[in-house]
Every structure is written in structure tokens, then in C-alpha cells.
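Comments concern the structure below.
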Amino acid sequence: MKVYYAILFIASLVMAGFYAGIWRKRFSVFLTLDFAFIPVINLGYYMLASAKAVPEAVIGIKISYLGIFAHVFIMYAIFNLCNLNLRKSIRLVLLAVSTFFFISSLTIGYFPIFYKGISGELINNNLILHKQYGVLHTFYYIQMFIYMIITICATIYAFRKKNDVSRHNLRYMLACETIPVLTFFIGRLFHLKVDLMPLSYVLSEGVLLMISRRIVLYDVTETVIETIAFNGKTGFVSFDDGFHYLGSNQIAKDIFPELAELKVDDSALKNPGLKKEIIDNIGKYIINPKMNSFFKSFGNQIFQIEINKLFDGHVNRGYILYMQDDTKDQQYITLLNGFNDKLREEVNQKTEHILEMHNNLIMSMATMVESRDNSTGGHIKRTSKVVEILISEIQKDKSENRLQLSPDFCHNIIKAAPMHDLGKIAVDDAILRKPGRFTDEEFNIMKTHAAEGARIVHEILKETDDKAFHKLAENVAHYHHERWDGSGYPEGLKGEEIPLEARIMAVADVYDALVSKRVYKDSMSFEQADSIMMESFGKHFDKQLEKYYISARPRLEKYYSSLNQ
């Protein structure tokens, strides 16, 4: 019998040695505790088999009862494998219960609570023990049975509810728990000459070894990291939160030669090269986590350096940088960017050409309309210039109560100004070319050019993608004859009901009409025109445009004077 127990003790030690050889940090602490406890437990059985006296046998029995902890550690390991969160308080309670029963076993030979009594006789050089179990030993049986039931329930739950748990490992772990328990009861029931418990523990170790090897495969994150490191295609370096050097691989040292000069725990802040190329980039990442990568050239290669936090469990302990060869992607991006730049340039040229054609077409139409009107020669170009001067003065204003215009608005109104009288194309030549003042009936017909102009502009621009310009140009044509006091046409809009672009156009339109010669009148002097304009702000024109007209007046007079030279 001694040989049987000796073989099992040695086998358990060999199993523990194999486990130590494949051990990884991510292995469950409970698996490790099982491999630590089982050889000691089997040693107890060997000591019991070798005893020649009852006191020696009692020592072996007490050591063998460390199996109480082996059962609870296997149960904890199963909960880990099932991804079930067993509360720390519950673990402590179960561990306390197991500790209580183990301590109770230590009373054997002293108090009759676990064993009522134990005696023995030496027959054929073998010690035969006679045991009388106490009440706590009965509860010990109940505890082992409860652990087995809990383990079975957890495994069944994981089989049914947990898709991310290996079914193979669950079966193996269930066997690890049930084999020792069932062996214990079978041995007690059939009164075998040898105890099967040491054998069951060795079998459990064998199953645990298979599980341990498979656990590595199921930990995808760690497996990927180890594979990357083994392949030697990715560099990595880590620093603690005080920027002390923790370690790196050879690729990282090739990319950043300064790393080779550092010893573990040296401060990277003292190395100017590392501070500039690594630590400063980590600083940017701390301020803005989106800035988590940068590039570094190494020979003919371009490496992308990715910054990540270095976690110990859930605690951030520093920073780790991964370095991946990104040469092909960067070359492709460079090629693609070059192609895109060329394509963008060609598109811009085509777009500018189309816009130029479009603007020339609009200007040609406006010029054609103007050529039919005897009274307004050059009106389109002049009013466009006046609008440009007014907009320039508005943009110069930096006061708190200034009129704030967007750059797009300023560009669009200058561009739309030549279109304000397009509606005159629909007015009969007899009226449009009349060499004198209109009758009331003729003037009413002439007034229709505003609404008709809006309709024409709408049709011309309805397919354009620039909706803002479309709306602004239509408003300029439609409402440039509206008046601030509501006495204008065609809608009789009042105040801010009139779109701003139309209010600005109205100032330019009237000013040009005053200082320009028409078939029915001579041009006014700048002083006369200015007097009428100033009286019209708050009545005909928007009062807030007055200061811009005043500031623009010298440039307007200079412009119109140059036309008469």
C-alpha cells in the first residue's frame, strides 16, 4: 500500500511541475492553489500509510484534510471559467466555513468534536485504524455535497446562458469537482483497502493541466499580444505614469536608439531625444486622447506609433506604445493624396470655367436687357460697383452695433447685383424704350419687372447646388424696389420684412439713378443726390445702412467722377 501512495504523491509533484512550466500570469489563482495543495494532501496520505503508530497516523490524517480547500478552490475556478461573478463576501464566507472544518480536523486526538475517538493496531507491519466520527465530520460530508451541487448548478447555468464560455473546459472542471467527492463517498461505502482520494486528486491535476493549456487559447487578447511579440514585426515600449522606463523589445530600440541607453526605472525625461519624440507625444495624448498616434521614419520604413494606457487590472499605471510598420499604407496614402490633389485641381478648374461661363451668361442677359432700355445705359455695371463699395464699408466696421455679414453673403450679393433688372426683358419695347416719363398705366406695367425678374432668376438658377445664392439673387430681383416705410412695390413690404440684400440693392439702385443721366432727366450733382439720399434713410432706405453710405460716399463720388472723364 505504501508504494501506491508513494506513486500518487510523486505523480502529484510531477503534475505540479508541469503546471509550473506552463504557468501564465493570467491563470486563475485558484488553479495555482490546487496544484500547490494537492501534492501536500497526497503527502499526508503517504504519511498515513507509512505510520506505525496512531500519533503518526493522526498527523497524516490532518494533512490529508487540506483536501477541504482543494474542493473550494476548484469551485471558485469553475465560477471564473463560467464568467460568473461570485461576490468577494460569499467567497470569504465559504473559505471561512472550509477553514472551520479544517481547524476542526486538527482537534483529532484532542477533542471528540470531529473524531470521537481513534485507535489502531499493528497487523503484519501495517497499522489498522479504528475511527469514530463526530458530529462535525457529518457536517463536513454535507459541506462537500453542497459544494458539488453549487458547482453543478453553475456549470448548467453557463452551458445554457453563457456563449462565451468553453463547453470543453466546463466539462473538465465539473469532472475535477465531482470525481474527488464521488470517490470519497465510494471509498467510505465499499470499505476498500486503499483510499481512492489521492488517485482522484492526481486525476484532477491531469484534467486541470488540459484546462490550463486551453485557457491560453481562449484568452484572445493575451494570445494576440504574445503572437505579435513572437513574430517580431511590432515594437513596443512602456513607461510608468512618472515616465520611468519599464522595458521595450528590440524593434522599439531600433526605431528609437535612445532606448538602448536607458536602464529599467531610468527617467525618460532626462533624455532629450526621447522627451521630444515620445514623452511630448504622450503629453499631447493626455490632453487630448484622440491624439493617440504619430509617425516615425526608420530607414526606408514608416512606423505608426500608437499610444495606449498601461493597465494593471483596472488601474492605469502608465503608458505603452505599439509600433507597427505602416510604410505601404503611407505610400498608398501619399499616392492617393497626389491623385486626389490632381483630380481636385482639375475639378476646380472645370468648376471655375463653368462658373465663369454661367456668370458671363447672366451678365450677357443683363446687358441684353439693358440694351433695350434707352434710359439706363451702363446701369448694371455701375450699380454692381456701388454694391461692392457698400459691402466693403460694411466689412470694415468693427463697432459693437455693426451690421454683421458672412463672407458668403458678401460674395453672393456682389455676384447677384447684375441680375436685379432681368425682369425688364418681359416689358414691352414701347414702354421700355420710351424717351420720356411714363404715364401711370405705363409705370404700373414697368413695375411688373420686379416679380418677373424673380421668376426668371428662379428658372435660371433652379438647378444650381448653391441654394443660398439662388435665394439671395431671387430676393434682389424681386424686392429691390420695396421701401422701408412700406410704400414700395411689388409687395409693399415694410422694414425688416424686406430681405437685407434687397435693402442694400435699393441704395445702390437709387444712388445710380440720381447721379446718372437718363433720357428724361440730367444727372444730379453729388451734393443734390446726397441731400436726397440722406433724407431717404428711415423712409425709403434702411436707417442702419446710413453710416455705411456716408463712409462710402467719397469712394462713390471718385468712381462716378472717373466715368465722366
Side-chain angles (χ1 to χ4, degrees), residues 15-16 19 22-38 40-41 65-105 136 139-185 197 200-201 203-223 311-315:
M15 293 287 189
Y19 178 78
I22 66 170
W23 182 84
R24 298 289 186 275
K25 183 179 179 181
R26 58 187 175 276
F27 282 3
S28 168
V29 65
F30 304 119
L31 286 177
T32 304
L33 287 171
D34 269 314
F35 278 98
F37 269 63
I38 288 175
V40 177
I41 295 167
Y65 274 113
L66 284 170
I68 295 171
F69 295 108
H71 296 301
V72 75
F73 291 150
I74 289 176
M75 183 176 66
Y76 290 167
I78 288 178
F79 270 85
N80 278 354
L81 284 171
C82 294
N83 287 336
L84 298 175
N85 182 24
L86 191 62
R87 291 182 180 177
K88 185 177 181 180
S89 58
I90 296 176
R91 292 204 305 268
L92 291 174
V93 168
L94 294 177
L95 188 59
V97 171
S98 298
T99 303
F100 170 77
F101 281 111
F102 177 69
I103 292 174
S104 299
S105 72
L136 286 182
F139 283 111
Y140 164 65
Y141 285 167
I142 295 173
Q143 177 219 19
M144 292 180 65
F145 182 74
I146 290 173
Y147 286 172
M148 184 176 69
I149 295 299
I150 292 174
T151 303
I152 292 173
C153 291
T155 307
I156 292 173
Y157 176 81
F159 265 110
R160 297 184 61 183
K161 300 292 186 181
K162 295 285 188 177
N163 293 329
D164 56 346
V165 178
S166 166
R167 271 48 180 169
H168 295 296
N169 283 352
L170 288 174
R171 293 189 189 98
Y172 294 150
M173 291 301 292
L174 186 59
C176 284
E177 177 62 28
T178 55
I179 287 173
V181 175
L182 292 176
T183 302
F184 176 85
F185 286 109
M197 287 299 294
S200 72
Y201 287 133
L203 293 175
S204 295
E205 280 188 302
V207 175
L208 289 173
L209 279 174
M210 290 190 291
I211 292 172
S212 300
R213 290 181 63 83
R214 292 185 66 87
I215 286 174
V216 176
L217 300 178
Y218 295 125
D219 193 339
V220 177
T221 301
E222 293 292 339
T223 304
F311 284 98
D312 179 11
H314 296 289
V315 180

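Values below: all heavy atoms of this structure, side chains included; hydrogens, waters and symmetry mates excluded.
- Ring-plane geometry between F73 and F30 is classed as parallel, the angle between the planes falling under 30 degrees on a 0 to 90 degree scale with a further cut at 60.
- In this structure, a donor-acceptor pair under 3.5 Å is absent between the side chains of Y140 and S105.
- How far OH of Y141 is from CE of M144: 8.5 Å, rounded to the nearest 0.5 Å.
- Side-chain contact check for T151 versus I74: every heavy-atom pair is 4.5 Å or farther apart.
- Here the closest non-hydrogen pair linking R91 and L86 is NH1-O, 2.8 Å.
- Within the 4.5 Å cutoff, side-chain heavy atoms of L209 are placed close to those of I22.
- Annotation: side chain of Y76 is in contact with side chain of L94 (closest heavy-atom distance under 4.5 Å).
- Note that CG of L95 and CZ of F102 are 12.0 Å apart. Values are rounded to the nearest 0.5 Å.
- Around atom CZ of F139, no more than 12 heavy atoms belonging to other residues, nucleotides or ligands sit under 6.0 Å away.
- Shown here for F101 and L136, the closest heavy-atom pair between the two residues is CE2-O, 3.5 Å.
- The distance from atom CG of L66 to atom CD1 of I38, rounded to the nearest 0.5 Å, is 11.5 Å.
- Using a 4.5 Å heavy-atom threshold, the side chains of I146 and I150 count as touching.
- Scored by the ring-ring contact (aromatic ring centres under 6.0 Å, His included) test, F35 finds Y19 as partners (sequence neighbours excluded).
- A heavy-atom distance below 4.5 Å is found between the side chains of T32 and W23.
- Residue D34 holds its CG atom at 9.5 Å from NE2 of H71, rounded to the nearest 0.5 Å.
- Between F79 and A154, the shortest heavy-atom contact is CZ-CB, 3.9 Å.
- Side chains of Q143 and Y147: a donor-acceptor N/O pair is present below 3.5 angstrom, by distance only.
- Side chains of M197 and I41 form no contact here, defined as non-hydrogen atoms less than 4.5 Å apart.
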